[in-house]
Trainee: 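What follows is a single structure, and I will ask about it in a moment.
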Amino acid sequence: MILGTCLSFQDVLDSIILSIFAITVKFGKDSDWPCIRMSLWLNMEGLGDVNDANARCLSARFPQLWSQWQLLDSILPTGGFAHSFGLEAAMQAHLVTTTDDLETYVIHVLENAGSLLLPFICAITASPDAQTWRRLDRLLNAMLTNEVSRKASTAQGSALMRVAASVFSEIPCLKTMRGEALSSGEFYFHHAPVFGLVCGLLGFDAETTQRAYMFVTMRDIMSAATRLNLVGPLGAAVLQHQVASVAESLSTKWMNRGVDEACQTCPLLDTVQGCHNYLFSRLFCS
């Protein structure tokens, strides 16, 4: 009764919104804060209610969400499906002949990608600028001693940067950075740093970017396995779903690490991929 006599309905509503705002700041994601701040400000100023503010904020974020989804779409012509991550060489060497062998191979490739490449992606997503990109790109080039994987990385990264600069016109700095990188001749365009750079500029947080890279890697291996006739399309989809939990655990294991912790955990796969150029007949570039 005392609360009802001392405070108006608007005062109580403002108090509730402030409490929600405090909880969100403490436990919510960074991407949620702008919507909460907008809701609070509009309500305090009498310009609209919370639902209106959330609707406006979500509407403003929709173009960004569509761009993020498009980046992960297999139809984006980045050249990823021209590479098998050494699977073709492993198949011809009879290291992968069954579905169980394929599952083991995919897990090892994901382990390698997580241990070696996720630190680079984490670093560039947190600071998506040309200086950080150049430093990480050159460092990764020095760490990739396998000529086949190094060429595959630069080919995919160059294609991704070209496509991103053309497609995501709402981020003009992508085209500027690409032009400057090409003219300087100091960039190798390795795929992992370019992927992290584009994701960072598109608004991905670091953890989502790292999971997205693991997903794209797994997707491309499954596609290669299908075209190599190791597994059918439905079987590949089933296998991808089964490996998803392992991919998540590997992502968590290697997520948010510094570049100084980057390493290769499955050197045999790197050796097998290095033999790709010696295959008498081959379907993939790597």
Side-chain angles (χ1 to χ4, degrees), residues 30 67-68 71-72 76 78-80 83 85 109-165 168 171-218 220 250-267 269-270 273 286:
D30 293 344
S67 295
Q68 292 174 348
L71 178 64
L72 304 181
L76 200 68
T78 58
H83 305 274
F85 297 86
V109 169
L110 291 175
E111 179 88 29
N112 250 355
S115 62
L116 178 62
L117 301 176
L118 288 193
F120 287 87
I121 293 173
C122 179
I124 188 65
T125 306
S127 180
D129 56 73
Q131 183 177 0
T132 304
W133 175 29
R134 177 183 180 277
R135 176 176 62 85
L136 295 176
D137 185 59
R138 296 177 70 84
L139 178 60
L140 182 58
N141 187 71
M143 294 183 67
L144 292 175
T145 57
N146 179 354
E147 181 183 3
V148 175
S149 63
R150 185 169 61 247
K151 288 183 177 180
S153 176
T154 56
Q156 292 181 74
S158 179
L160 175 59
M161 192 64 178
R162 182 183 68 252
V163 171
F168 305 122
I171 309 176
C173 63
L174 277 172
K175 183 173 291 187
T176 302
M177 293 171 68
R178 177 176 181 266
E180 293 176 350
L182 289 173
S183 61
S184 68
E186 298 180 350
F187 290 77
Y188 296 97
F189 289 89
H190 281 289
H191 184 247
V194 171
F195 186 87
L197 175 69
V198 175
C199 285
L201 293 175
L202 283 176
F204 280 81
D205 59 74
E207 293 187 358
T208 301
T209 301
Q210 292 170 82
R211 284 190 174 91
Y213 190 82
M214 296 289 276
F215 169 79
V216 169
T217 301
M218 180 168 59
D220 291 352
L250 291 175
S251 300
T252 304
K253 176 182 177 181
W254 296 106
M255 188 175 290
N256 299 331
R257 292 178 180 254
V259 177
D260 56 334
E261 298 184 64
C263 61
Q264 291 210 44
T265 56
C266 303
L269 299 187
D270 194 54
Q273 187 177 19
S286 69

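All heavy atoms count here, side chains included; hydrogens, waters and symmetry mates do not.
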Trainee: I need the minimum non-hydrogen distance between Ser149 and Leu144, along with the two atoms involved.
Mentor: OG-CD2, 4.4 Å
Trainee: First locate atom CZ of Phe204, then atom CG of Leu71, and finally report the distance between them rounded to the nearest 0.5 Å.
Mentor: 5.5 Å
Trainee: Looking only at heavy atoms, which two atoms of Ala192 and Leu140 are closest? And how far apart?
Mentor: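 Heavy-atom minimum between the residues: CB-CD2, 4.3 Å.
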Trainee: Could you tell me which non-hydrogen atom of Leu174 sits nearest to which non-hydrogen atom of Met161, and how far apart they are?
Mentor: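 Of all heavy-atom pairs spanning Leu174 and Met161, the closest is O-CE, 3.6 Å.
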Trainee: Could you check Asp137, Asn141, Thr154 and say which one makes a side-chain hydrogen bond (donor to acceptor under 3.5 Å, both in side chains) with His190?
Mentor: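 For His190, the side-chain hydrogen bond (donor to acceptor under 3.5 Å, both in side chains) test succeeds with only one of Asp137, Asn141, Thr154, which is Asn141.
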Trainee: If I compare all heavy atoms of Gln68 with all of Gly203, which pair ends up nearest, and what's the gap?
Mentor: NE2-C, 3.5 Å
Trainee: side-chain contact (heavy atoms from CB on, under 4.5 Å) between Cys263 and Trp254: does it pass, once the steps are laid out?
Mentor: CA-CA 10 Å; Cys263 61; Trp254 296 106; 4.3 Å; yes
Trainee: Test: side-chain hydrogen bond (donor to acceptor under 3.5 Å, both in side chains). Region: residues 177-188. Which pairs qualify, not counting sequence neighbours?
Mentor: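 Sorted pair list: Arg134-Glu186.
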Trainee: Run the numbers on Glu111 and Lys253 for side-chain contact (heavy atoms from CB on, under 4.5 Å), then give the verdict.
Mentor: CA-CA 9 Å; Glu111 179 88 29; Lys253 176 182 177 181; 3.2 Å; yes
Trainee: Run Phe168 and Leu201 through side-chain contact (heavy atoms from CB on, under 4.5 Å) and show every step you take.
Mentor: CA-CA 10 Å; Phe168 305 122; Leu201 293 175; over 6 Å; no
Trainee: Distance from Met214 atom CE to Leu250 atom CG, nearest 0.5 Å?
Mentor: 5.0 Å
Trainee: Could you go through the side-chain contact (heavy atoms from CB on, under 4.5 Å) check for Tyr213 and His191 one step at a time?
Mentor: CA-CA 10 Å; Tyr213 190 82; His191 184 247; 3.4 Å; yes
Trainee: Supply the atom-to-atom distance Cys122 SG to Met255 CE, rounded to the nearest 0.5 angstrom.
Mentor: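 Output value for this atom pair is 8.5 Å.
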Trainee: Which value, rounded to the nearest 0.5 Å, describes the distance between Glu261 atom CD and Leu116 atom CG?
Mentor: 13.0 Å
Trainee: Compare every heavy atom of Thr132 with every heavy atom of Ser127, then report the nearest pair and how far apart it is.
Mentor: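 For Ser127 and Thr132, the tightest heavy-atom pair comes out as OG-OG1, 3.2 Å.
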Trainee: Is there side-chain contact between Leu182 and Phe189, with at least one heavy-atom pair below 4.5 Å?
Mentor: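 Yes - at least one pair of side-chain heavy atoms lies under 4.5 Å apart.
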Trainee: Does the side chain of Asp220 pick up a donor-acceptor pair with the side chain of His83 at under 3.5 Å?
Mentor: no
Trainee: Roughly how far, to the nearest 0.5 Å, is CG of Leu110 from CZ of Phe215?
Mentor: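 Rounded to the nearest 0.5 Å, the CZ-CG separation comes to 11.5 Å.
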Trainee: Can you tell me how far OG1 of Thr252 sits from CZ of Arg211, rounded to the nearest 0.5 angstrom?
Mentor: 5.0 Å
Trainee: Step through it carefully: locate the ring centre of Phe120, locate the ring centre of Trp133, and say whether they are under 6.0 Å apart.
Mentor: no
Trainee: Which heavy-atom pair separates Ala123 from Leu136 by the least distance, and what is that distance?
Mentor: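 Result for this residue pair: CB-CD1, 3.7 Å.
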Trainee: Is it true that a side-chain atom of Gln273 and a backbone atom of Leu269 form a donor plus acceptor pair closer than 3.5 Å?
Mentor: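 Side chain of Gln273 to backbone of Leu269, a donor-acceptor pair under 3.5 Å: no, none is there.
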Trainee: For Lys151, what residues pass the salt bridge (Lys or Arg N to Asp or Glu O under 4.0 Å) criterion, not counting sequence neighbours?
Mentor: Glu147
Trainee: Considering the options Val198, Leu202, Thr176, which one meets the side chain to side chain contact (heavy atoms under 4.5 Å, CB included) requirement together with Ile171?
Mentor: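 Result for side chain to side chain contact (heavy atoms under 4.5 Å, CB included) with Ile171: Leu202.
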Trainee: Using the test salt bridge (Lys or Arg N to Asp or Glu O under 4.0 Å), find all partners of Arg162 that sit at least two apart in sequence or belong to another chain.
Mentor: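 Expected list: none.
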